[in-house]
Amino acid sequence: MSKREPTSRRACLATLAALTALTAAACSTTHEPNDEPPAPRTRPTTSHHPAPGPPSPSAADGTDIGACTDADCEITVTKPVTLHFPGPGGSGRATLSVTEVGPNEVEYEVKSANNSSRGAATGPGQGCLTYLSEHGSGNSCGTLAPTRPSPQPGAVVIQATTSTGGPALLHIVSP
């Protein structure tokens, strides 16, 4: 038994040595030539300046509230203003009073004949739509794109949207 033990011990040691060599080869890294340049490493950067917000809305009629006297305009409003324009269906003059405007905030009131409506929105990308007709008015507020609303038969459509820079974008659209 003593002769057999050294042979089996040698075989065991040889197997163990072979496994160790294979494990070491599998874990080692080899660098093969590569024609591509190494990819640049990027490190996170920190900035002490906040990223600029989106630009203030630009309007076809700028800040000219006189452009709204025909109930068809697109203006930016930076402070409370009152606008007068024809009411729907020949119902007389309508009045739109913007009472609050600031970063991510707009509030207004509309009056026409015996109808009145209020709208208020706060937060980025928020706004209100008011439909003003001869027989009533309706409001809907929430997330709105600052694009021009579609004209509606028999109604004046008013849309006010907030901006992070402060001015509100105001649309008045007649049929």
Side-chain angles (χ1 to χ4, degrees), residues 36-175:
E36 294 181 32
R41 288 187 160 188
T42 57
R43 293 186 319 186
T45 59
T46 57
S47 174
H48 299 290
H49 303 287
S56 296
S58 61
D61 298 312
T63 58
D64 180 14
I65 63 173
C68 297
T69 58
D70 63 353
D72 189 17
C73 66
E74 178 183 281
I75 63 172
T76 54
V77 179
T78 58
K79 61 185 178 184
V81 296
T82 299
L83 311 168
H84 301 282
F85 53 90
S91 63
R93 303 289 292 161
T95 302
L96 168 64
S97 297
V98 176
T99 55
E100 294 286 331
V101 65
N104 296 318
E105 175 184 23
V106 66
E107 186 176 319
Y108 63 91
E109 181 179 15
V110 183
K111 293 180 182 177
S112 175
N114 293 326
N115 298 319
S116 69
S117 188
R118 291 179 179 253
T122 57
Q126 300 297 301
C128 293
L129 274 170
T130 298
Y131 297 92
L132 193 59
S133 72
E134 278 186 86
H135 307 290
S137 61
N139 251 7
S140 177
C141 296
T143 303
L144 291 178
T147 56
R148 182 177 174 87
S150 299
Q152 300 298 311
V156 175
V157 181
I158 299 160
Q159 176 178 310
T161 52
T162 64
S163 76
T164 55
L169 184 60
L170 184 64
H171 291 93
I172 300 176
V173 180
S174 291

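All values below were derived from every heavy atom in this structure, side-chain atoms included, with hydrogens, water molecules and symmetry-related copies excluded.
- Distance check: Leu96 CG to Ser117 OG gives 10.5 Å after rounding to the nearest 0.5 Å.
- With no hydrogens or angles considered, a side-chain donor-acceptor pair links Thr143 and Gln126 at under 3.5 Å.
- Side-chain contact between Leu170 and Ile158: present, with at least one pair of heavy atoms (C-beta onward) separated by less than 4.5 Å.
- Residues Ile65 and Ile75 meet the side-chain proximity criterion, which asks for heavy atoms closer than 4.5 Å.
- The distance from atom CD of Glu109 to atom OG1 of Thr82, rounded to the nearest 0.5 Å, is 9.5 Å.
- From Cys68, atom SG reaches atom CG of Asp61 across 6.5 Å, with rounding to the nearest 0.5 Å.
- How far NZ of Lys79 is from OG1 of Thr99: 15.0 Å, rounded to the nearest 0.5 Å.
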Solution key, residues 128-135 side-chain donor-acceptor pairs under 3.5 Å, sequence neighbours excluded:
| residue | atom | partner | partner atom | Å |
| --- | --- | --- | --- | --- |
| Thr130 | OG1 | Tyr108 | OH | 2.7 |
| Thr130 | OG1 | Asn139 | OD1 | 2.3 |
| Ser133 | OG | His135 | N | 3.4 |
| Ser133 | OG | Gly136 | N | 3.4 |
| Ser133 | OG | Gly136 | O | 3.1 |

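- Side-chain atoms of Pro86 and Arg93, non-hydrogen and from C-beta on, do get closer than 4.5 Å to each other.
- Counting all heavy atoms, side chain and backbone alike, Pro175 lies closest to Pro151 at CA-CB, 4.2 Å.
- With Thr162 contributing its side chain and Gly123 its backbone, the two residues share a donor-acceptor pair below 3.5 Å.
- Here the straight-line distance linking atom SG of Cys141 with atom CD of Glu107 works out to 10.0 Å at 0.5 Å rounding.
- Closest heavy-atom contact between Thr76 and Ala59: N-CB, 3.7 Å.
- In this structure, the side chain to side chain donor-acceptor pair (under 3.5 Å) partners of Glu74, at least two apart in sequence or on a different chain, are His171.
- With sequence neighbours left out, the side-chain contact (heavy atoms from CB on, under 4.5 Å) criterion links Thr78 to Pro167.
- No donor-acceptor pair closer than 3.5 Å links the side chain of Gln152 to the backbone N or O of Val173.
- Among all heavy-atom pairs drawn from Ala71 and Ser174, the shortest one is O-OG, 2.7 Å.
- Between Asn104 and Thr164 there is a side-chain heavy-atom pair separated by less than 4.5 Å.
- Across all non-hydrogen atoms, the minimal contact from Arg148 to Cys73 is NH1-O, 4.0 Å.
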